[in-house]
Amino acid sequence: MKEQLQALQEKAIAQIQGAANLQELQDIRVTYLGKKGEVTSLLKGLGKLSPEERPAMGALVNTVRVALEAALDSVQQQMEAAVLAAKLEQETIDITLPGRPVRKGHLHPLTLINEEIEQFFVSMGYAVEEGPEIESDYFNFECLNLAADHPARDMQDSFYITDSVLLRTHTSPVQARTLQRSEKNAPIRMIAPGKVYRWDYDATHSPVFHQVEGLVIDKNITFSDLKGTLELFLKKMFGEDTAVRFRTSFFPFTEPSAEVDISCCMCHGEGCRVCSHTGWLEILGCGMVHPNVLKLNGYDPNEVQGFAFGMGVERIAMLKYGINDLRLFYENDKRFLTQF
Ligand code: PHE
């Protein structure tokens, strides 16, 4: 009996040490120590022995049970430690690796130019006004001294919605709206940025583009104030050494009117393709507010005077950044956009 038990223990220990994994180990545990296991059966069988034999045999079987339990626990601990080590190895994070850079978005070039323009005029005390893009013929033309039969209405190709409603062709209607909204003859200093619409499409014209309007009204405003303001603005925008010139022109809502040129920022006045070899670039339209515009919008031209100007944001962005096709602004090609 003793030898049999010895053999059982040796066989079991050999199996325990040869177990390939925790599951096999568990199976071995059940085979020997489970409810119906071999060692358990032996313990149960002790009852059939004579009282004299029982203590010695009981002690013997118990030694085997303790030995097997010890062997099982120790191998189980080793296996669990190995499993944990493998898992840690696998999940290791190399904290010395450099992080992936987070790509920051940025503003569209037209937004950048718009903000630069706004910042300049706001710093000079101008308010920022807005008006609707779907505009009445009345505000877009009539209040600006362009009566129904005025030939200058042909100057712009308009998108009409009905006979008397259109997509505004310029930001100038915001002049009329601001004048009408203000108390009679009250001073005004405002800019009006926004989208405008014209029937035109090529490398330098888009059917939708952006303008910034400006209007200043007060007592004793002169053409010198207009010149000084725009010269300061254009030098800020295009650089201190930019030359600015005023050419007489015509707009129905200003008198006198002027177009403003800056020295070409590509060739610095030498003459190149961008400036058609003139050395100058046309940059905006302006003039002294026509007395009729003041009258039509509830102001008294004998009491106050003013100046107005309007500029194209796309054109300024193209010249400032050296962009030769305006359509690039609207195509959302990241290779283009990420340059600014
Ligand atoms: N509204 C004119 C245009 O769109 C520009 C302008 C504005 C001219 C104000 C003079 C005064 O071309």
Side-chain angles (χ1 to χ4, degrees), residues 114 117 121 126-133 135-147 150-159 166-179 188-200 204-217 221-223 225-231 233-234 244-262 281-294 296-297 299 301 304-316 318-319 326:
N114 236 323
I117 297 171
F121 285 105
Y126 287 58
V128 180
E129 300 287 352
E130 276 181 25
E133 288 167 29
E135 188 54 286
S136 63
D137 186 278
Y138 168 71
F139 279 117
N140 196 76
F141 294 126
E142 223 170 290
C143 297
L144 295 169
N145 201 31
L146 279 123
H150 198 295
R153 285 204 183 192
D154 293 337
M155 280 165 64
Q156 295 158 351
D157 290 299
S158 319
F159 290 108
L166 72 162
L167 298 176
R168 67 178 178 192
T169 58
H170 51 180
T171 41
S172 301
V174 188
Q175 284 189 42
R177 286 178 174 276
T178 308
L179 283 164
I188 293 173
R189 238 184 292 165
M190 70 86 167
I191 54 164
K195 287 193 182 76
V196 300
Y197 302 81
R198 286 183 206 174
W199 186 264
D200 229 340
T204 54
H205 296 88
S206 157
V208 188
F209 61 104
H210 300 78
Q211 282 191 336
V212 177
E213 193 79 11
L215 176 69
V216 170
I217 305 280
I221 296 287
T222 67
F223 202 92
D225 297 314
L226 170 61
K227 274 193 84 174
T229 304
L230 291 180
E231 263 176 25
F233 166 69
L234 291 168
V244 178
R245 78 175 181 188
F246 287 70
R247 258 183 308 109
T248 50
S249 184
F250 171 78
F251 297 103
F253 29 90
T254 46
E255 184 59 37
S257 303
E259 255 157 345
V260 181
D261 299 338
I262 56 168
L281 297 163
E282 187 189 316
I283 199 82
L284 54 81
C286 64
M288 299 308 290
V289 178
H290 197 293
N292 285 351
V293 173
L294 291 171
L296 285 164
N297 296 289
Y299 269 58
V304 289
Q305 300 74 40
F307 64 77
F309 55 86
M311 61 187 101
V313 179
E314 279 80 353
R315 180 153 173 84
I316 290 177
M318 284 173 84
L319 295 175
L326 171 144

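As the structure lists them, so they are numbered: ligands from 1, and atoms in each ligand from 1. When reading the values below, keep in mind they use all heavy atoms of this one structure, side chains included, and skip hydrogens, waters and symmetry mates.
- Contact of the Met288 side chain with the Phe307 side chain is registered, since non-hydrogen atoms from C-beta on lie closer than 4.5 Å.
- For ligand 1, the atoms sitting less than 4.0 Å from at least one non-hydrogen atom of Gln211 are 3 (C), 4 (O), numbered in the order shown with element in parentheses.
- Residue-level proximity to ligand 1 for Ser257 is absent, since no heavy atom of it falls below 4.0 angstrom.
- Under a 4.0 Å criterion applied to the non-hydrogen atoms of Phe309, ligand 1 contributes the atoms 7 (C), 9 (C), 11 (C).
- Of the N or O atoms in Thr169, none lie within a sub-3.5 Å distance of an N or O in ligand 1.
- Each of the following atoms of ligand 1 lies closer than 4.0 Å to a heavy atom of Thr254: 11 (C).
- In this structure, Arg177 forms a cation-pi arrangement with Phe139, its terminal cationic atom sitting closer than 6.0 Å to the ring centre and no more than 45° off the ring axis.
- Ring planes of Phe223 and Phe246: perpendicular class, angle over 60° (limits at 30 and 60°).
- Residues Leu215 and Ile217 approach most closely at CD1-CD1, 3.8 Å, considering heavy atoms.
- Interface atoms of ligand 1 facing Cys286, defined by a heavy-atom separation under 4.0 Å, are 8 (C), 10 (C), 11 (C).
- With respect to Leu281, the side-chain contact (heavy atoms from CB on, under 4.5 Å) criterion is satisfied by exactly one of Ile316, Leu319, Asp261, Val260: Leu319.
- With a 4.0 Å heavy-atom cut-off, ligand 1 is reached by the side chain of Phe253 but not by its N, CA, C or O.
- For ligand 1 and Gln175, the ligand atoms under 4.0 Å from any heavy atom of the residue are 9 (C).
- The distance from ligand 1 to the heavy atoms of Ser172 drops below 4.0 Å at these ligand atoms: 1 (N), 7 (C).
- One finds no salt bridge joining Arg168 and Glu213 here, because no Lys/Arg side-chain nitrogen approaches an Asp/Glu carboxylate oxygen to under 4.0 Å.
- The aromatic rings of His170 and Phe253 lie perpendicular to each other, with more than 60° between the two planes, well past the 30° mark.
- Annotation for ligand 1: atoms under 4.0 Å from non-hydrogen atoms of Gly285 are 6 (C), 8 (C), 10 (C).
- Considering backbone and side-chain N/O atoms, Arg198 comes within less than 3.5 Å of an N/O atom of ligand 1.
- The minimum heavy-atom distance linking Ser158 with Leu166 is given by the pair CB-CD1, 3.7 Å.
- For ligand 1, the polar-atom distance check against Glu213 finds no nitrogen or oxygen pair separated by under 3.5 Å.
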